[in-house]
Amino acid sequence: MKIFLKLKYRLLLSKAQKSPNFKDFFEEIDLNRKVEESTFVVFDCEATELNPKKSELLSIGALKVKNLSINLGESFEAYLRAERVKASEIHGITNEDLEEFGRPPKEVIKEFLEYVKGSVLVGFFVKFDASLVEKYSLKFFNYPLINYKLDLISLYKSPYGEAKHLEDIVRELGFEMKGRHTAINDAYFTALAFLRLIKGYEGKKLGSLPLFV
């Protein structure tokens, strides 16, 4: 499995090197580094729908985890201008919000790619969020989201069966989700859950985690 991971990573790396922004976005990650010495970015996206091919990004929220602690001073939160807003009853983002706070998608994606440079990306069903970001990074910069990724679900073992919602995991770990369903709020509670679940990997190599690209 690890051999397949490295092969796929090298294929993506070869593609990423063709981007004119490669040096701005890429930093090699050492899989032999200990988990507690590695940098993680826990992130969440809000979008117009659940199909990443059709969906438009509305917002990104992210937090850095260094030395297995959340660095609130390095948070990332941005709204992106979009042609339409759907599912506002879920994420609470309106056309008025995007008119006031929305920024050009290319600008936001560039800043996010610089923010996650050299980090492992973590999220709840992270493949969906990563696919959304990559759609934009390929469009604007011809750059695949090459960072190693880790899904919270892959660390989670529940006596109650499969968790379908982030709230399920957070509740079972002894936390209570409060506040609006926003990207930065969801990223914060995902980070809390991640820190609880990653404890069993302290002292182990980063490559021992169930990573994917």
Side-chain angles (χ1 to χ4, degrees), residues 39-52 55-82 84-103 105 107-109 111-116 119-136 145 147 149-156 158 160 162-199:
T39 300
F40 302 87
V41 169
V42 185
F43 79 112
D44 182 76
C45 297
E46 299 297 341
T48 56
E49 55 188 276
L50 296 177
N51 184 339
S55 186
E56 288 185 80
L57 259 174
L58 298 176
S59 68
I60 305 175
L63 293 163
K64 282 194 176 178
V65 172
K66 296 179 179 178
N67 302 315
L68 295 187
S69 63
I70 301 172
N71 191 332
L72 294 176
E74 290 188 61
S75 62
F76 181 98
E77 184 177 19
Y79 290 87
L80 294 80
R81 292 177 190 161
R84 56 203 170 91
V85 174
K86 294 173 64 176
S88 58
E89 69 277 3
I90 297 176
H91 49 63
I93 299 172
T94 65
N95 285 308
E96 290 73 22
D97 290 329
L98 298 186
E99 287 176 8
E100 183 175 358
F101 304 110
R103 295 164 53 200
E107 179 182 299
V108 172
I109 295 301
E111 289 182 8
F112 183 72
L113 292 174
E114 292 170 343
Y115 179 80
V116 304
S119 303
V120 175
L121 298 177
V122 181
F124 180 72
F125 289 114
V126 70
K127 188 174 182 178
F128 170 76
D129 300 278
S131 296
L132 275 173
V133 172
E134 185 170 70
K135 182 173 73 171
Y136 285 77
L145 193 58
N147 302 63
K149 303 165 188 74
L150 176 64
D151 200 310
L152 191 70
I153 290 291
S154 65
L155 298 177
Y156 173 75
S158 171
Y160 307 107
E162 182 181 356
K164 296 182 179 180
H165 302 286
L166 176 61
E167 290 88 341
D168 297 332
I169 295 179
V170 170
R171 190 182 306 111
E172 287 183 28
L173 293 176
F175 303 113
E176 181 182 353
M177 288 191 73
K178 298 180 179 179
R180 287 179 55 206
H181 178 68
T182 62
I184 192 65
N185 199 47
D186 284 0
Y188 174 70
F189 283 103
T190 301
L192 290 180
F194 168 69
L195 288 175
R196 182 69 62 87
L197 295 171
I198 203 68
K199 285 293 184 181

>> Measuring only between side-chain heavy atoms, which start at C-beta, is Arg81 closer than 4.5 Å to Leu98?
In response: no
> Quick one: does Lys66's side chain have a donor or acceptor within less than 3.5 Å of a partner on Asn71's backbone?
Replying inline: no
> Taking the side chain as C-beta and beyond, is there a heavy-atom pair between Leu192 and Val170 under 4.5 Å?
Replying inline: no
> Is there side-chain contact between Asp44 and Thr190, with at least one heavy-atom pair below 4.5 Å?
Replying inline: no
>> Could you measure the distance from the CG atom of Leu152 to the CD1 atom of Ile169? Nearest 0.5 Å is fine.
In response: 4.5 Å
> For Ala187 and Gly61, which heavy atoms make the closest approach, and how far apart are they?
Replying inline: CB-O, 3.6 Å
>> With rounding to the nearest 0.5 angstrom, report the CG to CD1 distance, Leu63 to Ile184.
In response: 4.5 Å
> Quick one: does Ser55's side chain have a donor or acceptor within less than 3.5 Å of a partner on Glu49's backbone?
Replying inline: yes
>> What I'd like to find out is whether the side chain of Asp186 reaches to under 4.5 Å of the side chain of Glu46, using heavy atoms alone.
In response: yes
>> For a quick test of reading the model, state the closest non-hydrogen atom pair linking Ser59 to Ile93 and the distance between them.
In response: OG-CD1, 3.6 Å
>> Side chains of Leu173 and Leu197, heavy atoms from C-beta outward: is any pair under 4.5 Å?
In response: yes
Please list, one pair per line, the donor and acceptor atoms closer than 3.5 Å that link side chains of residues 122-133 to other protein atoms, with sequence neighbours excluded.
{"unit_1": "Asp129", "atom_1": "OD1", "unit_2": "Cys45", "atom_2": "N", "d": "2.9"}
{"unit_1": "Ser131", "atom_1": "OG", "unit_2": "Lys127", "atom_2": "O", "d": "2.7"}

> Under the 3.5 angstrom rule, does the side chain of Tyr115 hit a backbone N or O of Glu74 as a donor-acceptor pair?
Replying inline: yes
> Just how far is it from atom CE of Met177 to atom CG of Asn185, taken to the nearest 0.5 Å?
Replying inline: 6.0 Å
>> To the closest 0.5 Å, what do you measure between OH (Tyr156) and CZ (Arg196)?
In response: 12.5 Å
> How far does CG of Leu58 sit from CG of Asp97, to the nearest 0.5 angstrom?
Replying inline: 10.0 Å
>> Please report the interatomic distance CG(Leu145) to CZ(Phe112), rounded to the nearest 0.5 Å.
In response: 7.0 Å
> Taking the side chain from Asp151 and the backbone from Ile153, do they hold a donor-acceptor pair closer than 3.5 Å?
Replying inline: yes
>> Is there a side-chain contact between Phe194 and Leu150 in this structure, where contact means two heavy atoms from C-beta onward sitting under 4.5 Å apart?
In response: yes
> Is NZ or CZ of Lys64 both nearer than 6.0 Å to the six-membered ring centre of Phe76 and within 45° of the ring axis?
Replying inline: no
> Are any non-hydrogen side-chain atoms of Glu56 and Tyr136 less than 4.5 angstrom apart?
Replying inline: yes
> Nearest heavy-atom pair of Ala191 and Ile70: which atoms, and what distance?
Replying inline: CB-CD1, 3.7 Å
